[in-house]
Amino acid sequence: MAAADTDAKLYTLQEVSEHNNSKDCWLIIGGKVYDVTRFLEDHPGGDEVLLSATGKDATDDFEDVGHSTSARGMMEEYYVGKE
């Protein structure tokens, strides 16, 4: 489980945008930063979906798909901080 938001590391969009490839893949969803590198191979929509959203704010992309409650619950495992 991630640390409380008050203890969360803050990242700028610039910092997140540097993690933009299949070996180091970060994205922002709802103001939270996630390192999804380990999830690339397991993502049901394929790794290309995540790679196309990496290094940027992917909130709209994430919400447009309509992810399940279980998918949303999995996100905590990849949480690294907030924007």
Side-chain angles (χ1 to χ4, degrees):
M1 172 137 324
D5 268 349
T6 55
D7 297 330
K9 177 154 175 52
L10 290 174
Y11 293 95
T12 65
L13 182 56
Q14 175 63 36
E15 289 172 310
V16 173
S17 71
E18 294 170 7
H19 303 270
N20 61 7
N21 61 70
S22 63
K23 303 267 189 242
D24 187 21
C25 182
W26 290 23
L27 46 83
I28 300 166
I29 299 172
K32 294 183 176 182
V33 179
Y34 299 92
D35 178 351
V36 295
T37 310
R38 294 178 293 122
F39 188 58
L40 289 174
E41 290 182 17
D42 297 326
H43 187 262
D47 63 351
E48 285 301 317
V49 174
L50 292 176
L51 289 171
S52 69
T54 191
K56 67 177 190 177
D57 189 326
T59 303
D60 289 341
D61 296 336
F62 181 84
E63 296 299 340
D64 287 348
V65 172
H67 285 86
S68 67
T69 303
S70 62
R72 291 173 185 277
M74 290 175 63
M75 293 170 64
E76 275 305 303
E77 182 179 342
Y78 304 100
Y79 178 78
V80 293
K82 61 185 182 178
E83 179 188 29

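Here the structure is a predicted model, which means the values were calculated and not measured.
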**Item:** Any Met75 side-chain heavy atom under 4.5 Å of Lys32 side chain
**Value:**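 A side-chain contact under 4.5 Å is absent here.
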
**Asked** Are Tyr79 and Val33 close enough that some pair of their side-chain heavy atoms sits under 4.5 Å apart?
**Response**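 No, side chains not in contact.
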
**Item:** Spatial distance of atom OG (Ser17) from atom CD1 (Ile28) [nearest 0.5 Å]
**Value:**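 Between atom OG of Ser17 and atom CD1 of Ile28 there are 8.5 Å.
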
**Message:** Working to the nearest 0.5 angstrom, can you tell me the gap between Asp47 CG and Thr37 OG1?
**Reply:**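 Reported value, rounded in 0.5 Å steps: 11.5 Å.
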
Check whether any side-chain N or O of [X] sits under 3.5 Å from a backbone N or O of [Y] as a donor-acceptor pair, and report yes or no.
X	Y	result
Thr54	Asn21	no
Asp64	Asp61	no
Glu15	Thr12	yes

**Chi angles and distances behind the side chain to side chain contact (heavy atoms under 4.5 Å, CB included) call for Asn20, Cys25** = CA-CA 5 Å; Asn20 61 7; Cys25 182; over 6 Å; no

**Which atom of Val80 lies closest to which atom of Tyr11, heavy atoms considered** =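 So the minimum-distance heavy-atom pair works out to O-CE1, 3.5 Å.
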
**Prompt:** What's the shortest heavy-atom distance between Glu83 and Leu13, and which atoms?
**Reply:**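 Reported closest heavy-atom pair: OE2-CB, 3.8 Å.
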
**Message:** Looking at Arg72 and Glu63, is any side-chain nitrogen of the basic one under 4.0 Å from a carboxylate oxygen of the acidic one?
**Reply:**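 Arg72 and Glu63: salt-bridged.
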
**Plane angle bin for Tyr78 and Phe39 - parallel if under 30°, tilted between 30 and 60°, otherwise perpendicular** =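 The rings of Phe39 and Tyr78 sit tilted, inter-plane angle from 30° to 60°.
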
**Asked** How are the rings of His67 and His43 set to each other: parallel, tilted or perpendicular (split at 30° and 60°)?
**Response**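 Taking His43 first and then His67, their aromatic rings sit tilted (interplane angle of 30° to 60°).
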
